Amino acid sequence: MRGLILHELGMSLRRPGLWIAYALLFAFHTVVLFAPPPVGEWVKGEMITPAMVWPAAGRFLAALNVFFPLIAGILTADRLQRDVRLGMRELQESTPLSPAAYVTAKYAGVLASVLIPLLAWAAAIAVLMAAIGHAPWSFVPATLLAFLAITVPAFAFVVAFSIACPAVLPLPVYQVLFTGYWFWANFVPPQLFPTLNGTLVTPSGMFVSAWMKTPSTEAALDAALNVGALAVCSVTVLALLTAALRRRARLA
Amino acid sequence: MIRYAWRTSRRELLWFPLALLFFFVVIVVMMRHPEIRFTIARGYLGFFVPLLAGITAAYAVLDDPALELRFATQTRHVQTLLTRLTLLLAVQGACAVSFQAFVSALGVDLSPLGSPLDVQLAWMVPTLTLAAIGLSVSLASAQCVTGAFVAGAVWLLQVLMKSWILANGPRLYLFMGILEPGRVDLAASRLILFAASAAAIFVAWLFLRRQERYL
């Protein structure tokens, strides 16, 4: 299992597409963070005070949740299909590897591959901000914890669906639907149009970010329920995928 | 040539645009208020037709099991490229025109977008641009999925960061014709986007000529 995860992680990390997409978005976010208005948000002399560390970390990671999960979702959608296309699936099915172990290893490897570069970049930005005096050093651990609470659940949710759904949908169809879903479920105001935005299955990180901004028992409960709901959805969709693969293997 | 391309292309090129068209037709019928109907019609033409074109264009050339055979024939690369792109845009165009005919029959007024020509350009320009992006990036990276996510990311960036793009590079805003039809730089924006699309398709052709990259 460990070997399979590392193999999947290595394969995913070696994809040029991942690095092209992430490099473009890293450049974009770096410019937005460090350029003065109207291009960016950098106001000379303004700094994050110790009291503002948690809200700033939450806002920073929530901003990264706008585009990066979309990229991760589209990019990881072909991971299972790729095995079938290249004839690897038949070979894997001839080994003692169970569908559950296959799905778990695939999921863990792919998820780690889309999270690692982002974690490295977010940590580097936090260290840079602290080093130049724009934020206190406590901003670094706050960013890492916000990464765990905001970024990881969103990516875990998105990658689970992106691995499972193309098993029943053609790849381009899933990618179009996913892009539309990401906009509809995260950014369309509920007052404008019926949407999942604002519900507990919103993966944008809005609940955790709101809790970091104004800590309260109610906000903490909402944040915990949101993360829990995303985890339940992720596990459910992976379990359905495992069952589908098991059934396919039995019928083959 | 077109018939061959049609027969060998993926079936979702036809059924998915039709399914999306049907979905929007149902929503327009369900919504009774004229303003909401206009907003939905604008959303379908200006946002969903281009998104679909962008992502499917990424698969137009490379997602072909007989690609090696095709390279072995006398067919010129430009012919392959333009045939696949034309087919894809023709399907999207047919859906967009059918949808306009349907909403017009329902009495939805699209004149806030400008003259009949402006209405057509409002969806054609972003559709062509995103299709050119999807196609050229997939050929440049030799991976369909890369073209798909770049087209998707550009679409989302343009949808979410409208005011930022209008402040920093308005002529590169894909949805000016659909969201800001009264702007004075609309014609210049259309010209630039059209030229950029043509350049992207030219670059895609240059990449496709190096066929050993795709074998």
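Only this structure's heavy atoms are used, side chains among them; waters, hydrogens and symmetry mates stay out. Everything numeric here is computed off the predicted structure, so don't read it as measured data.
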message: Please check: side-chain N/O of S138(B) versus main-chain N/O of L135(B), any donor-acceptor pairing under 3.5 Å?
response: yes
message: Students often mix this up, so state it plainly: with edges at 30° and 60°, are the rings of W182(A) and F187(A) parallel, tilted or perpendicular?
response: perpendicular
message: Can you list everything that forms a side-chain contact (heavy atoms from CB on, under 4.5 Å) with L169(A)? Sequence neighbours excluded, please.
response: V173(A), Y174(A), L177(A)
- prompt: What part of L75(A) is in contact with chain B, defined as an atom under 4.5 angstrom from a non-hydrogen atom: side chain, backbone, both or neither?
  reply: both
statement: Whatever's closer than 4.5 Å to a heavy atom in chain B on F178(A) counts as neither
message: I need the single residue from F22(B), F23(B), Y44(B) that forms a ring-ring contact (aromatic ring centres under 6.0 Å, His included) with F99(B). Which is it?
response: Y44(B)
- prompt: What residue, out of A142(B), A148(B), G147(B), A167(B), has the most heavy-atom pairs lying under 4.5 Å from chain A?
  reply: A148(B)
- request: Could you list which of residues 150-160 of chain B have a heavy atom closer than 4.5 Å to any heavy atom of chain A, in residue-number order?
  value: G152(B), A153(B), W155(B), L156(B), L157(B), V159(B), L160(B)
- request: Check whether any side-chain heavy atom of L139(B) sits under 4.5 Å from a side-chain heavy atom of W205(B), and report yes or no.
  value: no
query: Do F67(A) and Y22(A) have ring centres separated by under 6.0 Å?
result: no
message: Please confirm whether the ring centroid of W164(B) lies under 6.0 Å from the ring centroid of F28(A).
response: yes
